[in-house]
Student: 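Quick one: structure below, then a few questions.
These numbers come from a predicted model, not from an experiment. In each ligand, atom 1 is the first atom listed, and ligand 1 is the first ligand listed.
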Amino acid sequence: MIRASDLPRPPMRMPLIGDLWRINPARPVQSEYEIAQKVGPLFQLDLAGGSVLIATDDLAINSIADEETWCKFVAGPFLVLREQLIGRGLLTAKNSDPLWADANEVLQPGFKQQAMRSYHHAMHDAVAELCTLWADRAGEQIDVSTDMNRLTSEVIARAGFGTTFNALSPTTKHGFSEQLSAALREASAAANSVPGLSNIRKLLLAQKAKPLQKTARKVAQLPTGATDSTLLARMCPASGATLPADNIVDQCLTFLIAGNETTAGTLGVCLHYLANDPRLQDAVRDELDAAGGLEALADYDTISKLRLTRRIVDEALRLWPVAPAYFRRARADTTIETRDFGTVQIPKNTVVMALTLGAHRDKVTWGPDADEFRPDRFTAANLRKYPDRVYRPFGIGPRSCIGRQFALHEAVLAIAAIAGTFNVSATSGSDLVMAEQITLKPKNLTVTVGAR
Ligand code: HEM
């Protein structure tokens, strides 16, 4: 048995900043994945704030999933978000924070099937508006990330808060998505910069946070006595919830961040692969036609019939898990199993970053074609070929993604509607480059659309 401190490290640590010099603040998680490819599936990294273990190893990631000995840890960019932007919202609250338990109890029912049914209309209307917008721009280059953010922010505004940002109107200029992207880029860079620079970035972030918090305060003002089934109504006193007013604002901004960027990034990845593969587009259309065509998308139950479209979303989240890593902390002295070192002794409070981006491309568990986009990997029969795989795009345990079904439903609906309405052509090539702003997001991805 070896100790955690005996695990490999990359060579050449610098005084004070440790391994931080290796991390590109504009693409930190992708830098960490590049280091993992050289150093191995489990290693130590010294990131100025302390040492973390970075894992792409399936055995290690499965070991740290055990809730008795491990728990979520709010670190890196999430800590910056807690301090500067969303306080004690669900995503960034400490495990021990009673507000997390209260908010979780109030909001969980907002993601069950009955609630999902009630959001379908809002999602469908927003997707239809996107298609109208794109029909008017046929033949023009469309910036995919911008428009996917417009769509997902509109969906969360309508389904989550019963309001609209008019984000899909051709005339309204709603800067929320741009403001949000800029703030998240700053938070990601602040968490991965040398200490002095990090403080400057935090000051810049504090400025960028102000308009976002103003929008969240506006959104959080529900008419007194409102009793609809939005996420916001569930949090308000009229529903019996007891969340403090300032926490409701934090939760609204949390949903605007967590529910918007991630789904938008995933849709961008799906569109990249569809735009580069006309046969896959045809297959998506055939599937939609067999389920009743575009009109059938107005019906909630159609979405679960679109199995291929769902596999495209699943595979997009494997190859490019837009939330590319999550942190776990050891609650006590413990051990983990590993592929290369057998059992490893882990002291209490050790922090492990599960690098989903690496685990999802691990050739030992996913096979030699792990770097290829192959949606049929997700048929039940094919999945059996990867018994030891780690697939965790939505995290793990009680702090895993509350919005998982919301995101998957929205993504399948949007992809089916877009492919069912248009021929989508790639204009930015077959290589996908990802920007990082805590989440991953296609960079400079453009397509053109034409009539089907
Ligand atoms: C493809 C889309 C999405 C992905 C990949 C994703 C991924 C994740 C991951 C990995 C976590 C865990 C983070 C951690 O352990 O530190 C998380 C948490 C969370 N997500 Fe998502 N998410 C997505 C969409 C959404 C949507 C649509 C919503 C809301 C409408 C949402 C709301 C949240 C919230 C509130 C949390 C914190 C849960 C808690 O700690 O109680 N997410 N998400």
Side-chain angles (χ1 to χ4, degrees), residues 29 61 64-65 67 70-79 81-82 86 88-95 97 99-108 110-111 115-116 119 122-123 148-149 151-153 155-161 230-232 234-235 250-270 310 312-329 351-357 359-360 390-415 438-441:
V29 181
I61 291 180
I64 64 170
E67 279 296 321
W70 293 85
C71 57
K72 165 167 168 149
F73 186 58
V74 179
F78 298 103
L79 192 55
L81 285 185
R82 179 162 78 205
I86 47 176
R88 295 157 68 193
L90 275 180
L91 181 66
T92 46
K94 289 183 181 167
N95 297 316
D97 189 336
L99 266 186
W100 178 80
D102 289 351
N104 183 55
E105 194 182 319
V106 164
L107 287 161
Q108 276 290 353
F111 292 95
M116 291 304 310
Y119 306 144
M123 289 187 184
M148 289 306 103
N149 268 110
L151 172 65
T152 56
S153 62
V155 166
I156 195 76
R158 292 183 191 188
F161 311 128
T230 60
L231 296 173
L232 178 57
R234 286 172 197 277
M235 291 189 276
D250 287 345
Q251 303 295 1
C252 287
L253 195 46
T254 295
F255 284 121
L256 285 169
I257 291 174
N260 172 0
E261 287 295 324
T262 46
T263 315
T266 305
L267 285 170
V269 175
C270 293
R310 170 62 190 270
I312 291 171
V313 175
D314 288 342
E315 176 69 344
L317 280 165
R318 182 192 67 83
L319 205 50
W320 291 109
V322 289
Y326 56 90
F327 293 92
R328 305 280 287 171
R329 180 179 64 79
V351 175
V352 180
M353 181 204 269
L355 188 54
T356 320
L357 180 64
H360 283 190
V390 162
Y391 184 67
R392 301 262 163 76
F394 294 98
I396 188 81
R399 303 295 302 272
S400 64
C401 183
I402 198 172
R404 177 190 174 133
Q405 293 310 330
F406 189 105
L408 291 171
H409 191 87
E410 179 182 358
V412 171
L413 168 63
I415 293 300
I438 305 181
T439 56
L440 301 177
K441 180 174 183 172

Student: Within ligand 1, which atoms have a heavy atom of F406 less than 4.0 Å away?
Tutor: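 By the 4.0 Å cutoff, the relevant atoms are 27 (C).
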Student: Which protein N, O or S atoms sit under 2.8 Å from atom 21 (Fe) of ligand 1?
Tutor: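 Protein N, O or S atoms closer than 2.8 Å to atom 21 (Fe) of ligand 1: C401 SG.
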Student: Going from CD on Q108 to CG on L90, what distance comes out if it is rounded to the nearest 0.5 angstrom?
Tutor: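 With rounding to 0.5 Å, CD (Q108) is 8.5 Å from CG (L90).
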Student: Within this structure, what is the CG-OG1 distance for the pair L408 and T263, rounded to the nearest 0.5 Å?
Tutor: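 Those atoms lie 8.5 Å apart.
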Student: Considering only protein heavy atoms, which is closest to atom 29 (C) of ligand 1, and at what distance to one decimal place?
Tutor: F255 CD2, 3.6 Å
Student: With a 4.0 Å cut-off on N to O distance, would you call D314 and R310 a salt bridge?
Tutor: yes
Student: Are any of the N or O atoms of L231 closer than 3.5 Å to those of ligand 1?
Tutor: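 N/O-N/O distance under 3.5 Å: no.
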Student: Using a strict 4.0 Å cut-off to heavy atoms of V322, name the atoms of ligand 1 that fall inside it.
Tutor: 5 (C)
Student: Would a distance-only check, ignoring hydrogens and angles, find a side-chain to backbone donor-acceptor pair under 3.5 Å from R318 to H360?
Tutor: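 Such a contact is found between R318 side chain and H360 backbone.
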Student: If you measure from each non-hydrogen atom of I156 to ligand 1, which part falls under 4.0 Å: side chain, backbone, both or neither?
Tutor: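 For I156, the contact with ligand 1 is made by the side chain alone.
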Student: Can you tell me which portion of S400 lies within the under-4.0 Å heavy-atom range of ligand 1? Options are side chain, backbone, both, or neither.
Tutor: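 The backbone, only.
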Student: Give the contacting part of F327 toward ligand 1: side chain, backbone, both or neither, where contact means a heavy-atom distance below 4.0 Å.
Tutor: neither
Student: Can you tell me which residue among D97, T254, D250 is in a side-chain hydrogen bond (donor to acceptor under 3.5 Å, both in side chains) with R88?
Tutor: D97
Student: Among all the protein's non-hydrogen atoms, which is closest to atom 15 (O) of ligand 1, and how far away is it?
Tutor: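 So the nearest neighbour among protein heavy atoms is Y326 CB, 3.7 Å.
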Student: Provide, to 0.1 Å, the distance between atom 40 (O) of ligand 1 and the closest protein heavy atom, together with that atom's residue and name.
Tutor: R399 NE, 2.7 Å
Student: Could you tell me, atom by atom, which parts of ligand 1 come under 4.0 Å of a heavy atom of P393?
Tutor: 5 (C), 7 (C), 10 (C)
Student: So, taking the atom named CD1 in I402 and the one named CG in L231, what distance separates them when rounded to the nearest 0.5 Å?
Tutor: 8.0 Å
Student: Ignoring hydrogens and geometry, is there a side-chain-to-backbone donor-acceptor pair from T152 to N260 under 3.5 Å?
Tutor: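 Answer holds: yes.
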Student: List every atom of ligand 1 that sits less than 4.0 Å from any heavy atom of W100, numbering the atoms from 1 in the order shown and giving each element.
Tutor: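 Atoms satisfying the 4.0 Å criterion: 39 (C), 40 (O), 41 (O).
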Student: Between E105 and R234, does at least one N-O distance fall below 4.0 Å, as a salt bridge requires?
Tutor: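 Judged by the 4.0 Å cut-off on N to carboxylate O distance, E105 and R234 do not form a salt bridge.
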Student: Checking the side chain of H409 only, and the main-chain atoms of M123 only, is there a donor and an acceptor separated by less than 3.5 Å?
Tutor: no
Student: Which protein non-hydrogen atom lies closest to atom 1 (C) of ligand 1, naming both residue and atom, and how far is it?
Tutor: T266 OG1, 3.3 Å
Student: Which label fits F111 and F255: parallel for a plane angle under 30°, tilted from 30 to 60°, or perpendicular past 60°?
Tutor: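 Rings of F111 and F255: tilted, as their planes differ by 30° to 60°.
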Student: For atom 14 (C) of ligand 1, what's the nearest protein heavy atom and its distance?
Tutor: K72 NZ, 3.4 Å
Student: Would the distance check show the side chain of R329 and the main-chain N or O of V351 forming a donor-acceptor pair, the cut-off being under 3.5 Å?
Tutor: no
Student: Is the shortest side-chain heavy-atom distance between L91 and F78 below 4.5 Å?
Tutor: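 Result yes, sub-4.5 Å side-chain heavy-atom pair found.
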